[in-house]
**Q** 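Handing you a structure now.
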Amino acid sequence: MPITAHAADFAGTLCGRRYEKELETHFRDCLLFYIDGRIRFERYCYGEAACLVFSLWARGLDADGRILWEKEPEFETDQKAIPRVLTDIQENGDALQFDGARKRYLRTEEFERDKPNGYGRFKVFWLRRRLARRT
């Protein structure tokens, strides 16, 4: 059953939060939620040559909890890797379940900025200021 939520609800109060998929052995899958409602999926490989395999941006979540990916991954295996629908929120938002899968995404960190992904000090300042005016 899909959950109604806003992506910004999982971003915290600074810039954003990182959630990492639990119990993974071959890849490190992460979801980053930002205060403006955007979501970034990142897949890293493990091992000696550990590196970013691919990443993907989403505009947020729709009313049914579906992640609104900006584009589909090029390869079928990557298409199967990305989460599609938020189906459960556990542990007061510290654990998120997608697509009814057994493996959850667990919150691993909260960050003040993420300059490599376009969330530098200046942008975060203006985003937080804009959000403060709404409340």
**Q** Following the transitive rule for hydrophobic clusters with a side-chain heavy-atom cut-off under 4.5 Å over Ile, Leu, Val, Met, Phe, Trp and Tyr, establish whether Ile82 and Leu68 coincide in one cluster.
**A**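 Per the 4.5 Å side-chain linkage, Ile82 and Leu68 are not co-clustered.
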**Q** Once rounded to the nearest 0.5 Å, what's the spacing between atom CZ of Arg59 and atom CG of Asp36?
**A**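 So the CZ of Arg59 and the CG of Asp36 are separated by 13.0 Å.
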**Q** Please check if the side chain of Asp64 supplies one atom and the backbone of Arg66 the other of a donor-acceptor pair under 3.5 Å.
**A**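 Not a single qualifying donor-acceptor pair exists.
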**Q** So does Lys71 get a backbone contact from the side chain of Trp57, meaning a donor-acceptor N/O pair under 3.5 Å?
**A**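 No: the side chain of Trp57 does not pair with the backbone of Lys71.
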**Q** At their closest point, which heavy atom of Ala95 faces which heavy atom of Leu106, and how far apart are they?
**A** CB-CD2, 3.6 Å
**Q** Quick one: does Glu76's side chain have a donor or acceptor within less than 3.5 Å of a partner on Lys80's backbone?
**A** no
**Q** Nearest 0.5 Å, please: how far is CG in Leu96 from CZ in Arg17?
**A**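 Answer for the CZ-CG pair, Arg17 versus Leu96, is 10.0 Å.
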**Q** Once rounded to the nearest 0.5 Å, what's the spacing between atom CG of Leu31 and atom CD1 of Ile67?
**A** 5.5 Å
**Q** Using a strict cut-off of less than 4.0 Å between a Lys/Arg side-chain nitrogen and an Asp/Glu carboxylate oxygen, indicate whether Glu20 and Arg18 qualify as a salt bridge.
**A** no
**Q** Got a sec: does the CD of Glu74 have more than 12 other heavy atoms crowding it under 6.0 Å?
**A** no
**Q** For the pair Glu42 (side chain) and Arg28 (backbone), establish whether a donor and an acceptor sit closer than 3.5 Å, ignoring hydrogens and angles.
**A**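 No; judged by distance alone, with no hydrogens or angles, the pair does not exist.
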**Q** Strictly below 4.0 Å, N to O, side chains only: are Arg128 and Glu112 in salt-bridge contact?
**A**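 Between Glu112 and Arg128 there is no salt bridge, as every charged N stays at least 4.0 Å from the carboxylate O atoms.
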**Q** Is there side-chain contact between Leu131 and Thr13, with at least one heavy-atom pair below 4.5 Å?
**A**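 A side-chain contact is absent here, since even the closest heavy-atom pair is not under 4.5 Å.
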**Q** Any non-hydrogen side-chain atom of Asn117 less than 4.5 Å from a side-chain atom of Tyr34?
**A**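 In contact.
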**Q** With rounding to the nearest 0.5 Å, note down the distance linking CD1 in Ile89 to CG in Asp9.
**A** 7.5 Å
**Q** Mind checking whether Asp29 and Tyr105 have side chains closer than 4.5 Å, heavy atoms only?
**A**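 Yes - at least one pair of side-chain heavy atoms lies under 4.5 Å apart.
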**Q** Enter the distance from Tyr119:OH to Arg38:CZ here, rounded to the nearest 0.5 Å.
**A** 5.0 Å
**Q** How long is the straight-line distance from CD of Glu72 back to CG of Leu56, given to the nearest 0.5 Å?
**A** 7.5 Å
**Q** Using only atom types and a distance under 3.5 Å, with no angle test, would you say the side chain of Asp99 pairs donor to acceptor with the backbone of Arg84?
**A**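 Side chain of Asp99 to backbone of Arg84, a donor-acceptor pair under 3.5 Å: yes, one is there.
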**Q** Could you tell me whether the side chain of Glu22 and the main chain of Lys103 form a donor-acceptor pair under 3.5 Å?
**A**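 No, the answer is negative, given that no donor and acceptor are paired below the 3.5 Å cut-off.
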**Q** For the residue pair Trp69 and Phe41, does the interplanar ring angle fall in the parallel (under 30°), tilted (30 to 60°) or perpendicular (over 60°) class?
**A** perpendicular
**Q** Check step by step if side-chain contact (heavy atoms from CB on, under 4.5 Å) holds for Val124 and Phe111.
**A** CA-CA 11 Å; Val124 171; Phe111 45 91; over 6 Å; no
**Q** Work out which heavy atom in Leu86 is nearest to a heavy atom in Gln97; give both atom names and the distance.
**A**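 Looking at all heavy atoms of both residues, the closest pair is CD1-O, 3.4 Å.
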